[in-house]
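Worksheet: the structure to be examined is printed underneath.
Computed from a predicted model, the values in this text were never measured in an experiment.
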Amino acid sequence: MAKVIIISAPSGTGKSTIIKWLMAHEELRLALSVSCTSRQPRPGEVDGRDYHFISDAEFRNRIAAGEFLEYEEVYGGTLYGTLKKQVDDKLAQGFNVVFDVDVKGGCRIKDFYGDNALSLFIEPPSIDALRQRLTDRGTETPEKIEMRVARAEMEMEYAPRYDRTVMNDVLTDAEQQTMDILRDFLGI
């Protein structure tokens, strides 16, 4: 039976890097859940790969129709969410579905799937290390970095609600620890 893997982490923790590494391991039979959003695509983003880009009105109609497994309104009215049908289709095809999702959505998905889901929280070694990683990226203003750090502090309060926690201090160690946890959960 296919399973659900929920991975959450503060921005800059290395979650996307770890997920990309896991996706390359075919024996895990992973399929990434692609979220919907009401925002416009950023340069280089592709509909259906990065997100399903839909209008605000369509998003709200789908909420009213009960089509979302979880959704959240963030960053000034932008909607993000996961369609139930998309996940169900991938599970029915025998894929283990991976969610790269915020902590609130992660908790909702875990509640929905129960023991058929593993929730995994990736944490930074410290807030100072996270701040330095965000600074080293060179993609954000100091104000945006402080906003992300404040959000990270809130997100880290959710870590005890997750089944397992992996600290990403050394990336290769965090990748291997995550792989070991997934193999155990999937019975591989």
Side-chain angles (χ1 to χ4, degrees), residues 1-37 41-42 44-54 59 62-63 65-72 79-124 155-156 158-188:
M1 178 180 189
K3 296 187 177 187
V4 169
I5 299 136
I6 303 153
I7 302 179
S8 300
S11 179
T13 306
K15 170 184 61 165
S16 297
T17 301
I18 291 170
I19 290 172
K20 184 177 179 183
W21 182 80
L22 291 169
M23 297 300 291
H25 291 80
E26 292 180 14
E27 73 276 13
L28 298 176
R29 292 201 39 85
L30 300 178
L32 189 62
S33 172
V34 178
S35 298
C36 291
T37 184
R42 294 181 183 130
E45 288 183 328
V46 176
D47 185 52
R49 182 192 72 195
D50 299 295
Y51 287 96
H52 296 288
F53 297 98
I54 61 177
F59 202 113
R62 287 179 163 208
I63 290 170
E67 294 181 28
F68 283 98
L69 179 58
E70 60 81 31
Y71 67 91
E72 190 77 27
L79 293 158
Y80 291 89
T82 305
L83 291 169
K84 290 177 195 173
K85 183 174 180 353
Q86 180 208 36
V87 177
D88 290 343
D89 289 350
K90 288 179 181 179
L91 290 171
Q93 293 168 16
F95 288 101
N96 298 302
V97 180
V98 177
F99 291 86
D100 176 346
V101 67
D102 72 288
V103 292
K104 291 178 184 175
C107 290
R108 285 189 203 106
I109 295 166
K110 175 63 179 176
D111 289 345
F112 186 84
Y113 286 104
D115 291 341
N116 200 47
L118 169 72
S119 59
L120 184 61
F121 189 87
I122 311 293
E123 66 180 359
E155 290 171 327
M156 288 174 68
Y158 280 78
R161 294 181 60 185
Y162 278 66
D163 296 323
R164 301 290 300 270
T165 302
V166 172
M167 181 182 294
N168 185 9
D169 191 8
V170 176
L171 179 61
T172 54
D173 293 346
E175 288 171 336
Q176 190 57 56
Q177 186 180 355
T178 302
M179 174 66 85
D180 293 344
I181 291 168
L182 262 60
R183 284 182 187 273
D184 183 56
F185 175 67
L186 298 173
I188 297 175

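Side chains of Arg183 and Glu27 form a contact here, defined as non-hydrogen atoms less than 4.5 Å apart. At a threshold of 4.5 Å between non-hydrogen side-chain atoms, the residues Thr172 and Glu175 count as touching. Between Ser11 and Glu155, every side-chain heavy-atom pair lies at or beyond the 4.5 Å cut-off. Looking only at side-chain heavy atoms (C-beta outward), Met156 and Phe121 come within less than 4.5 Å of each other. Between Glu72 and Arg108, some side-chain heavy-atom pair lies under the 4.5 Å cut-off. Residues Val34 and Leu83 form no side-chain contact, since every pair of their non-hydrogen atoms from C-beta on lies 4.5 Å or further apart. Contact check for Met179 versus Leu28: side-chain heavy atoms found under the 4.5 Å cut-off. When side chains are defined from C-beta on, Tyr113 counts as touching Val87, because their heavy atoms get closer than 4.5 Å.
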Val4/Leu91 under side-chain contact (heavy atoms from CB on, under 4.5 Å): CA gap, chis, key distance, verdict: CA-CA 8 Å; Val4 169; Leu91 290 171; 4.2 Å; yes
Candidate pair Ile54 and Arg62, rule side-chain contact (heavy atoms from CB on, under 4.5 Å), full reasoning: CA-CA 10 Å; Ile54 61 177; Arg62 287 179 163 208; 4.3 Å; yes
Worked check of side-chain contact (heavy atoms from CB on, under 4.5 Å) between Gln86 and His52: CA-CA 11 Å; Gln86 180 208 36; His52 296 288; 3.4 Å; yes
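A distance of 10.5 Å separates CG of Leu120 from CZ of Phe185, quoted to the nearest 0.5 Å. The OG1 atom of Thr13 sits 11.5 Å away from the CG atom of Leu171 when rounded to the nearest 0.5 Å. Here the NZ-CG distance, from Lys90 to Leu30, works out to 11.0 Å after rounding to the nearest 0.5 Å. Note: Tyr71 OH to Thr37 OG1 = 14.5 Å, rounded to the nearest 0.5 Å. Interatomic distance, Leu22 CG to Thr17 OG1, rounded to the nearest 0.5 Å: 11.0 Å. Expressed to the nearest 0.5 Å, how far OH of Tyr80 lies from CZ of Phe59 amounts to 10.0 Å.
Exactly one residue among Val98, Val166, Asp100 makes a side chain to side chain contact (heavy atoms under 4.5 Å, CB included) with Ile7. That residue is Val98.
Between Tyr162 and Ser8, the side chains place a donor N or O and an acceptor N or O closer than 3.5 Å (distance only, hydrogens not considered). In the model, Gln93 has no side-chain atom that pairs as donor or acceptor with a side-chain atom of Asp89 under 3.5 Å.
Although no hydrogens or angles enter the test, the distance criterion places no donor-acceptor pair under 3.5 Å between the side chain of Lys85 and the main chain of Glu67. No side-chain donor-acceptor contact under 3.5 Å links Asn116 to the backbone of Lys3.
Salt bridge status for Glu70 with Lys104: absent, with no side-chain N to carboxylate O gap under 4.0 Å.
Nearest heavy atoms, Ser35 versus Thr82: OG-OG1, 4.1 Å. Across Asp50 and Val46, no two heavy atoms sit closer than the pair OD2-N, 2.5 Å. Counting all heavy atoms, side chain and backbone alike, Leu32 lies closest to Met23 at N-CE, 3.5 Å. Between Asn168 and Ala174, the shortest heavy-atom distance links the atoms OD1-CB, 3.6 Å. Of all heavy-atom pairs between Phe68 and Lys84, the closest is O-CE, 3.3 Å. A pairwise comparison of heavy atoms in Pro10 and Ile122 identifies CD-O, 3.5 Å as the closest pair.
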